[in-house]
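What follows is one structure encoded as structure tokens, with my remarks underneath.
We count ligands from 1, going down the list as the structure has it; atoms in each ligand are counted the same way.
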Amino acid sequence: MSGPDEHLVRVPGPVNAHSHAFHRILRGRTHEGAAGAAGDFWTWREQMYAAAAHLDPAGYEQLATAVFAEMAVTGWTAVGEFHYLHHGPAGTPYPDHEMERALARAARAAGIRLVLLDTCYLSGGLDTDGRAVELNATQLRFSDGDAAGWANRHTALRAALAADEPATAAEGAGLVTLGAAIHSVRAVPPSALAVIAGALAEGEPLHVHLSEQPAENEACLAAHGVTPTGLLAAQGLLTDRLSAVHATHLTGADITALGEARCSIVMCPTTEADLADGIGPARELADAGAAIALGTDQHAVVDPYLEMRALEHGERLHSGIRGRFAPAELAAAAREGGLRSLGLAGNDDHILVDTASLRTAGSREAQLPLTATAADVHAVVINGIEVARDGIHTRLGDPAALFREFTYEHREFA
Ligand SMILES: [Zn+2]
């Protein structure tokens with residue numbers, strides 16, 4: 001018999017490049033209905049807005065702490081939080097970036113790296129004829145009024161986060177950085193795009209939801225005569241700092257443009273399956289020159305291994321061909337692709353993975369992306385600190401208990 005540690009392999013820490021922490025509230029609560037009657041993306045979005053409507057800074061921090069702790073114990077060592085819930089009810093601003101600082105405190109408590117993707121969200125979308133739609137009551141909480149309002153808040157937020165920066169690694173020093181996001185071409189008009197790009201710091205990442213649903217493409221074509229990718233290209237936004245999230249429904253020209261610009265593409269395979277978005281052309285994008293990253297998005301699943309696996313499974317089901325992404329490419333999407341997408345430098349973050357479990361015994365180490373799950377993540381080390389061991393957070397305990405406490409104290413979500 002060999003000792004238990006001989007079954008552990010050290011794996012560079014996976015990076016979760018796309019998250020909306022509060023969507024965790026919806027897990028296991030959106031699937032009712034007979035065949036074909038469980039709703040679509042747009043009815044799911046109404047449920048998501050209902051959840052967003054009730055959150056205040058204290059509740060947001062409690063919820064995000066539970067979600068970030070779940071990410072940490074499952075092996076995600078960094079997260080890009082695509083954050084647009086900026087303001088209070090009816091869009092009244094909080095006095096001092098309370099929602100954003102709540103997320104930063106939650107990440108430091110969980111010991112996970114956070115790139116806070118401060119999102120510009122200005123309009124309620126485009127209707128199918130391409131006309132701008134008014135913000136609804138919940139969406140008022142997302143909006144800064146115009147792009148200049150977003151840019152001013154973004155600059156002030158950078159200073160506020162710097163002022164909150166703790167002194168020691170144990171308190172979370174160095175874990176939180178700032179990035180930017182355009183919610184989508186549905187929610188941000190073309191005239192605002194250049195203003196946003198002009199407000200970015202050197203090397204600051206920029207993310208955008210891109211062509212997740214055919215309706216977005218149809219509305220964009222009706223309004224502007226180009227695809228969402230074409231619209232971003234016309235505004236000069238296709239660069240290697242841009243991450244396109246989902247990129248599900250693309251034309252051949254879109255794929256070529258995103259690849260030639262060396263954009264990052266954040267695939268969220270378990271979310272795209274859950275929401276019936278479709279299977280994006282990840283292989284074609286990678287072949288064209290784009291860098292693939294992975295994200296858990298709505299957190300129906302929080303597990304780096306299942307995200308890697310779902311990317312390849314989607315490719316296989318769609319193409320009838322195995323090995324569209326080699327196991328090493330899946331691992332690179334979860335690690336290097338995520339670091340690139342979020343503008344993070346290389347680091348020593350890592351996880352220890354059990355190669356002798358019910359799932360992994362007998363697997364070749366290089367093929368763990370096709371066999372392991374988060375249950376095989378034995379330990380997680382971020383910024384030199386062991387933050388999790390065997391599914392339990394070393395400081396916060398069981399993340400499931402944190403989430404149960406949140407729903408107990410906030411019965412409106414139960
Ligand atoms: Zn998203």
Side-chain angles (χ1 to χ4, degrees), residues 15-27 30 40-52 55 60 63-64 67-68 71 76 78-86 99-100 103 114-125 138-139 141-143 179-188 196 205-217 228-229 232 242-250 263-280 282 292-302 304 307 310-311 314 333 337-338 341-342:
V15 174
N16 184 357
H18 190 66
S19 159
H20 307 282
F22 77 89
H23 292 190
R24 169 65 181 85
I25 294 168
L26 299 174
R27 185 188 296 172
T30 64
D40 59 11
F41 173 88
W42 306 101
T43 55
W44 172 87
R45 193 175 71 150
E46 290 307 311
Q47 294 174 283
M48 183 267 285
Y49 285 164
L55 281 167
Y60 202 33
L63 173 61
V67 176
F68 292 158
M71 289 181 197
W76 295 109
V79 55
E81 175 67 20
F82 197 109
H83 163 72
Y84 49 81
L85 192 49
H86 304 299
M99 295 297 260
E100 291 74 24
L103 287 171
L114 168 69
V115 180
L116 181 53
L117 299 167
D118 182 34
T119 302
C120 184
Y121 195 118
L122 299 176
S123 67
T138 303
Q139 290 167 335
R141 299 190 64 182
F142 310 161
S143 175
I182 294 157
H183 181 275
S184 59
V185 301
R186 291 184 275 119
V188 178
I196 295 165
L206 177 65
H207 283 221
V208 61
H209 288 130
L210 185 73
S211 295
E212 181 176 7
Q213 289 280 324
E216 174 184 322
N217 290 353
T229 299
L232 296 175
L242 185 76
S243 287
V245 181
H246 302 302
T248 310
H249 301 282
L250 301 182
C263 296
S264 291
I265 306 292
V266 186
M267 308 300 292
C268 306
T270 67
T271 290
E272 288 145 10
D274 185 86
L275 294 179
D277 288 336
I279 300 168
I292 306 298
L294 293 169
T296 61
D297 194 359
Q298 59 148 335
H299 315 309
V301 174
V302 175
E307 223 60 61
L311 176 65
S341 167
L342 294 179

Next item on the list: Would you please indicate if the ring centroids of Tyr60 and His83 are separated by under 6.0 Å?
Entry: yes
Note to self: So, 2.8 Å as the limit: is an N/O/S atom of His23 located closer than that to the Zn ion (ligand 1)?
What the structure shows: no
Item checked: Results of ring pair (Phe, Tyr, Trp, His ring centres under 6.0 Å) for His23 - residues two or more places apart only -> His20, Trp44
Checklist line | Vertex the Zn ion (ligand 1), arms to Asp297 OD1 and His20 NE2, rounded to 10° | finding: 80°
Margin query: Taking His183's backbone N and O only, do any of them form a donor-acceptor pair with His209's side chain (distance below 3.5 Å, no angle check)?
Written below: yes
Next item on the list: May I ask you to check if any N/O/S atom from His18 comes under 2.8 Å of the Zn ion (ligand 1)?
Entry: yes
Notebook entry, point to check: Ignoring hydrogens and geometry, is there a side-chain-to-backbone donor-acceptor pair from Glu307 to Thr270 under 3.5 Å?
Noted result: yes
